[in-house]
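Only heavy atoms go into these numbers, but all of them, side chains included; no hydrogens, no water, no symmetry mates. Residue numbers count from 1 along this sequence.
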Amino acid sequence: MILKLISDDQAAELTDSILVSVGAEDPDNVTAGVIWMAEGNVVSDEGPLTVPEALTLADDQGKETVYITLQPDTFEWLPEWGTLG
């Protein structure tokens with residue numbers, strides 16, 4: 001699974017993709033959601049989840065690339081979650 005960091009604008013253009021949105025209002029409360037996109041529309045979403053749970057669920061969908069957005073943009077991705085491309 002390839003994890004690719006994208007902006008919110010790029011996320012709005014996704015079709016037939018899996019998007020994991022990760023965010024935190026404070027560093028002690030990080031949550032993630034998994035969003036399934038098809039033909040440019042949200043088909044389903046699930047969350048809040050931990051980041052590892054969200055990544056496992058996204059990986060189970062069998063897509064080569066999983067797209068990642070961070071909220072806020074200054075939120076830092078942790079290395080233990082994987083490498084962002």
Side-chain angles (χ1 to χ4, degrees):
M1 170 176 66
I2 298 168
L3 303 174
K4 183 174 180 181
L5 181 63
I6 62 172
S7 69
D8 287 338
D9 290 339
Q10 292 169 313
E13 298 174 6
L14 290 178
T15 60
D16 193 28
S17 303
I18 302 295
L19 173 68
V20 173
S21 179
V22 179
E25 292 182 14
D26 67 71
D28 297 326
N29 190 22
V30 177
T31 60
V34 180
I35 301 168
W36 289 262
M37 304 291 293
E39 298 178 8
N41 297 305
V42 174
V43 174
S44 179
D45 63 68
E46 189 165 333
L49 303 164
T50 67
V51 175
E53 289 171 334
L55 293 175
T56 297
L57 183 58
D59 191 35
D60 288 347
Q61 304 310 306
K63 298 285 186 185
E64 182 177 331
T65 302
V66 171
Y67 297 94
I68 307 291
T69 61
L70 302 176
Q71 304 296 326
D73 293 341
T74 56
F75 179 78
E76 292 191 30
W77 180 262
L78 298 179
E80 60 260 31
W81 296 333
T83 302
L84 287 179

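Residues Ile6 and Leu55 fall into different hydrophobic clusters, defined by Ile, Leu, Val, Met, Phe, Trp and Tyr side chains chained together at heavy-atom separations under 4.5 Å. Residues Met1 and Leu49 are members of one and the same hydrophobic cluster, defined by side-chain heavy-atom contacts under 4.5 angstrom among Ile, Leu, Val, Met, Phe, Trp and Tyr. At a threshold of 4.5 Å between side-chain heavy atoms, the hydrophobic network of Ile, Leu, Val, Met, Phe, Trp and Tyr places Leu57 and Leu70 in one connected group.
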**Message:** Evaluate Leu19 against Val42 for side chain to side chain contact (heavy atoms under 4.5 Å, CB included), listing each step before the verdict.
**Reply:** CA-CA 10 Å; Leu19 173 68; Val42 174; over 6 Å; no
**Message:** Evaluate Tyr67 against Ile2 for side chain to side chain contact (heavy atoms under 4.5 Å, CB included), listing each step before the verdict.
**Reply:** CA-CA 8 Å; Tyr67 297 94; Ile2 298 168; over 6 Å; no
**Request:** Apply side chain to side chain contact (heavy atoms under 4.5 Å, CB included) to the pair Phe75 and Val22, showing each step before the final yes or no.
**Result:** CA-CA 9 Å; Phe75 179 78; Val22 179; 3.6 Å; yes
**Item:** CA sep, side-chain torsions, deciding dist, call: Asp59, Val66, side chain to side chain contact (heavy atoms under 4.5 Å, CB included)
**Value:** CA-CA 8 Å; Asp59 191 35; Val66 171; 5.8 Å; no
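Remark: Glu76 CD is loosely packed, at most 12 non-hydrogen atoms of other residues, nucleotides or ligands lying under 6.0 Å away.
Remark: Pro79 engages no residue in a side-chain contact (heavy atoms from CB on, under 4.5 Å) (not counting sequence neighbours). In this view, Leu84 and Leu3, Leu5, Ile68, Trp77 satisfy the side-chain contact (heavy atoms from CB on, under 4.5 Å) rule, not counting sequence neighbours.
Counting heavy atoms from C-beta outward, Lys63 and Ser17 have side chains that stay 4.5 Å or more apart. Counting heavy atoms from C-beta on, the side chains of Leu78 and Val51 never come closer than 4.5 Å.
Within the 3.5 Å criterion, the main-chain N or O of Ala54 finds no donor-acceptor partner in the side chain of Thr56. Distance alone, capped at 3.5 Å, is enough to place a donor-acceptor pair between the Glu53 side chain and the Thr50 backbone. Between the side chain of Gln10 and the backbone N or O of Ser7, at least one donor-acceptor pair lies under 3.5 Å.
Note that OG of Ser44 is 9.0 Å distant from CD1 of Ile18, once rounded to the nearest 0.5 Å.
Of all heavy-atom pairs between Met37 and Ala11, the closest is CE-O, 4.4 Å. Residue Trp36 comes nearest to Val34 through the heavy atom pair CZ3-O, 3.5 Å, listed as atom of the first residue, atom of the second, then distance. The heavy-atom pair separating Val20 from Ala32 by the smallest distance is CG1-CB, 4.3 Å.
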